[in-house]
Every structure is written in structure tokens, then in C-alpha cells.
Amino acid sequence: MKNDWISYLKGTVRVSITGKGIERLMNQFIRNGIPFRNVKKMDEQTIMAEIFVEDISAIRTTMRKSGCKLFFHQKKGGPFLLKKMWRNSGFVLGLIAFLCVILVLSNMVWKIDVKGATPYMSYRIMKELDAMGVQKGKLKFVLDDPDTIQRKLTEKIQDLTWVGVEVKGTAYHFQVVEKNIPKVVEQTSPGNIIAKKKAVVTYMFVEKGQPLVKVHDFVQKGQLLVSGVIGKNETQKVVASKGAVYGEVWYKAEVSIPLDTSFQVLTGKSYNKHYLQIFGWKMPVWAFNKETYASQKVDDVVQPVYFFKWKMPLSYEKISTHQSEHTVRHYSRTEAVKKGIETGRKELESKIDKDAKIKGEKVLHQSIENGKVKLVIHYQVIENIAMTQPIIQGD
């Protein structure tokens, strides 16, 4: 019989019916729509068959005044299994609770491993992970996916070149590549200090060497600022010049800002849907919202479920839908000029040294072409212009 699993869920009983007129009784069962399975005639007055549990009451009603007797033998199927489980409910509940605890523990974070980083960098990474909620004892379902964690780490820690995030069972493994910042090696060989770009000297501090320029002097690129040759005649000697020379350096930047810019923005309205995926079949478990937005951004995160270290054919999926809308931002000419100056400053700050400071800025030229404000901006920057140059003996 097809769909035996349905029969198992309903529950069946092996019965025997004994008495005269069995054929007539069986015909009555058929007329009443009572199904029998695996019917077997044992002798002239006895048959064996399987019936559904739900039909027992109807069979008893039909057999009244028939002169036949009904005997129950083997019972099997879902109702009897549930009844047996109910009698042993303590054991069953304990087993279910044990499996649930194992399942929860198998999907928690129990190890966070950082490789390829210095102790200080490892400490910074662990602090950032802690702020993001990536902690021991946290369920992986509530954490960001590895790609998002990787992006957030590289954005917050500028000294990282690359971070690899790999999840293995209950462990998060981070492979780190730090930026190779060259160490400042103190010069011990004889050398001069020269200007690495043209500027007006604003500040000087010379620890070793002979200063050749003063504050407010204009210097060209490559000009000698501090000589490593000190003394005169017989007392003359060469040393490794050491000091700092700051000057006012000039930069020119060209910036273009469109007066009208169209883009998509999130309105703040959103909803989440949660699903369980079993063998690729998706079953909703929370939030059955069928609302759709005319314009929307959808984030789909799938977290596999583990049992100990084994990946199960079960996963948790969270779909976040955010409403978005098309908007046009319009700048007046004054606003576009202000935005252009800010943009130019940020671009310049990303190029100059960290200890450099922008002293002033001035718009040299502005024009409107093809719906854009074009600016030419002059910046005054105070920065270290000193650069060491070795002295070759015998020159």
C-alpha cells in the first residue's frame, strides 16, 4: 500500500474476527466505508486483518447483532508510540532537553583565535570584537556574518592591511596582516639634512649638525638645511645630523561638486523574517509580514546549525528588508563651494603626514560647468620638510 508512513501516523491494529457470516459482515464494512488492510482468511469462520485506530468505534458499531467476535492482537503506529512515550515522559523529556542543550552549545562561540598579529594588535582586535558582540558564549545566530565582521574590523583598525575570518564549528579564526610601517632607524653614519620640498621655514630644532637656514627663510627642494660638517680646519669633523625642520608648504587641489545628486536612502522602516532551512526547504518560523516596498534593500544572512563539529542539513536564515526611497540632493552655489572645500581638505589630509597641519585655505578659482561647481583651492600646510642625506667620505 502506498503512503505507508500515513498509515503509521494514523496507527493500525492487527485484529481477528471470528463467527458465522463473516463474508456478510465484510460486505457491510465495505458499504459503511470502513477500510481493511492485509486481509487473510485463517479458516471458514476466522479472518485476520489490519484496521486503522480511528475506525475501531465504527467497526464495533457495525458488528453489533452480527454474532461475530473481535479480538485485538498487534498494535503499531504513532498513537501507540506517543502513549508509550507519555508513560516514559521523564526519560523522553530528559532526552529532548539533552539534545537541545547540545544543539545550543554546538552553536555558541567557544574559541576566538587571532593569528599573525602582534600582542598589541591582538588586544585591539579583541576589544573591537567585544564591542561588536563577538564573544565567548554568544550564539552565532545573533552575530554578523564573517564578511561583515571582516569589513568592520578593517574600517575601525586602520593599521590592518587584511583580515581573514573563518568559522569552524564553535571557533572563530582570524588571520591578520598588519600594515608594514617602516621603523624609524636612528642615523649613525655621517649625513646632512636637506629639504624634501620647497617651503618657508617656520620652526627648527637642531640636535646635531650645523644649521644653514633660519626661520622665515624660503628653501628649495634638495637645499641643504643642516650640515653634518662641524668645526673648522683641524677640528672639523662629520656627524650624523639630527633635528626637525618644519616649513609652510603649498598645495593646489581641483575639486568638482555636482549641484544635483540623486541617490537611494533608507527611510528607517524595515522588518525581519526568520526561517529554518531543512534540506533546502524553507519554513517560516517568525514574522509572516507580506508587506513589500516599492523600493527596498534586502539583506539575507544564513547561519548553518552544527551538532558538535558536524554541520547539519539545517540552517537559520534571517532576511532583513529595509525600505528605501529615491531622493535628489540640491546644493546652492554657496553650499557646493563649502562642500568642495571640505572634500578637498579631507583628500589632502589623507595624503599628508599625520603630524602635518593645514594652516589655511583659499579658493583661487570657481566656475559652474555641466551642472557642477569646479574649484581650484590653495592650501597652506605646516609639515616636516627634513630629509637625511648621507655624506660620502672623500667628497
Side-chain angles (χ1 to χ4, degrees), residues 93-181 266 268-280 282-289 296-324:
L93 292 175
L95 179 61
I96 293 174
F98 171 76
L99 293 176
C100 290
V101 169
I102 293 297
L103 196 63
V104 171
L105 295 179
S106 299
N107 290 276
M108 278 186 173
V109 179
W110 292 112
K111 183 180 180 182
I112 300 176
D113 184 31
V114 180
K115 294 182 179 179
T118 61
Y120 173 68
M121 183 57 67
S122 296
Y123 170 77
R124 290 182 63 187
I125 291 173
M126 293 301 292
K127 291 288 288 183
E128 291 296 340
L129 291 174
D130 187 69
M132 286 189 284
V134 183
Q135 305 166 343
K136 292 181 180 179
K138 278 292 189 71
L139 279 171
K140 294 189 293 183
F141 303 136
V142 301
L143 302 179
D144 292 325
D145 60 278
D147 291 338
T148 303
I149 294 174
Q150 179 183 17
R151 176 177 55 80
K152 288 183 177 179
L153 279 178
T154 52
E155 287 177 353
K156 293 183 178 180
I157 304 178
Q158 300 297 323
D159 293 333
L160 293 178
T161 299
W162 177 81
V163 180
V165 184
E166 185 180 12
V167 181
K168 290 184 177 179
T170 59
Y172 275 69
H173 299 279
F174 295 86
Q175 186 66 41
V176 178
V177 177
E178 297 185 46
K179 288 183 179 178
N180 187 17
I181 302 176
L266 300 180
K269 293 183 63 177
S270 65
Y271 61 88
N272 297 322
K273 287 187 177 182
H274 305 267
Y275 298 89
L276 282 180
Q277 289 188 8
I278 305 175
F279 294 104
K282 188 185 296 186
M283 177 180 68
V285 294
W286 186 259
F288 303 96
N289 192 342
Q296 60 188 28
K297 178 179 179 292
V298 179
D299 296 323
D300 190 354
V301 178
V302 178
Q303 293 279 6
V305 177
Y306 289 84
F307 188 78
F308 290 106
K309 64 178 181 179
W310 296 285
K311 186 177 179 180
M312 300 178 64
L314 175 69
S315 58
Y316 160 76
E317 181 180 15
K318 178 183 177 182
I319 299 179
S320 301
T321 304
H322 306 271
Q323 185 185 41
S324 63

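Atoms considered below: every heavy atom in the structure, side chains included; atoms not considered: hydrogens, waters and symmetry mates.
- With rounding to the nearest 0.5 Å, the separation of NZ in Lys168 from OG1 in Thr170 is 12.0 Å.
- By the neighbour-count criterion of 12 heavy atoms within 6.0 Å, atom NZ of Lys156 is densely surrounded, having more than that number from other residues, nucleotides or ligands.
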Show your working on side chain to side chain contact (heavy atoms under 4.5 Å, CB included) between Tyr172 and Lys140 and close with a plain yes or no. CA-CA 10 Å; Tyr172 275 69; Lys140 294 189 293 183; 3.9 Å; yes
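- Salt-bridge annotation for Asp159 and Arg124: present, with a side-chain N of the basic residue lying under 4.0 Å from a carboxylate O of the acidic one.
- With rounding to the nearest 0.5 Å, the separation of CD1 in Ile125 from CD1 in Ile112 is 11.5 Å.
- Taking 4.5 Å as the limit, some side-chain heavy atom of Met108 sits within range of a side-chain heavy atom of Val104.
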Glu166 vs Gln175, test: side chain to side chain contact (heavy atoms under 4.5 Å, CB included). Steps then yes/no. CA-CA 8 Å; Glu166 185 180 12; Gln175 186 66 41; over 6 Å; no
Please lay out, stage by stage, how Leu153 and Leu129 fare under the test side chain to side chain contact (heavy atoms under 4.5 Å, CB included). CA-CA 8 Å; Leu153 279 178; Leu129 291 174; 4.0 Å; yes
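- Under the 4.5 Å side-chain criterion, counting only non-hydrogen atoms from C-beta, Lys152 is in contact with Thr148.
- For the atom pair Met121 CE and Leu160 CG, the distance stands at 5.0 Å (nearest 0.5 Å).
- Side-chain atoms of Glu317 do not come within 3.5 Å of backbone N or O of Gln277 as any donor-acceptor pair.
- Without hydrogens or angle criteria, Glu128 side chain to Ile157 main chain gives no donor-acceptor distance under 3.5 Å.
- With hydrogens and angles disregarded, no donor-acceptor distance shorter than 3.5 Å links the side chain of Gln150 to the backbone of Gly164.
- Inter-residue side-chain proximity for Val302 and Tyr275 is flagged as unmet; no heavy-atom pair is nearer than 4.5 Å.
- Between atom CE of residue Met312 and atom CZ of residue Phe279 there is a gap of 8.5 Å, rounded to the nearest 0.5 Å.
- Lys111 NZ: 12 or fewer foreign heavy atoms inside a 6.0 Å radius.
- Tyr316 places none of its side-chain heavy atoms less than 4.5 Å from the side chain of Asn107.
- Rounded to the nearest 0.5 Å, atoms CD (Gln303) and CG (Asp144) are 9.0 Å apart.
- The side chain to side chain donor-acceptor pair (under 3.5 Å) test with Ser320 is passed by exactly one of Asp300, Asp299, Asn272: Asn272.
- Between Gln296 and Gln323 there is no side-chain heavy-atom pair separated by less than 4.5 Å.
- Residues Ser270 and His322 come closest through the heavy atom pair CB-ND1, 3.5 Å.
- Between Ser122 atom OG and Lys115 atom NZ the span is 12.0 Å, to the nearest 0.5 Å.
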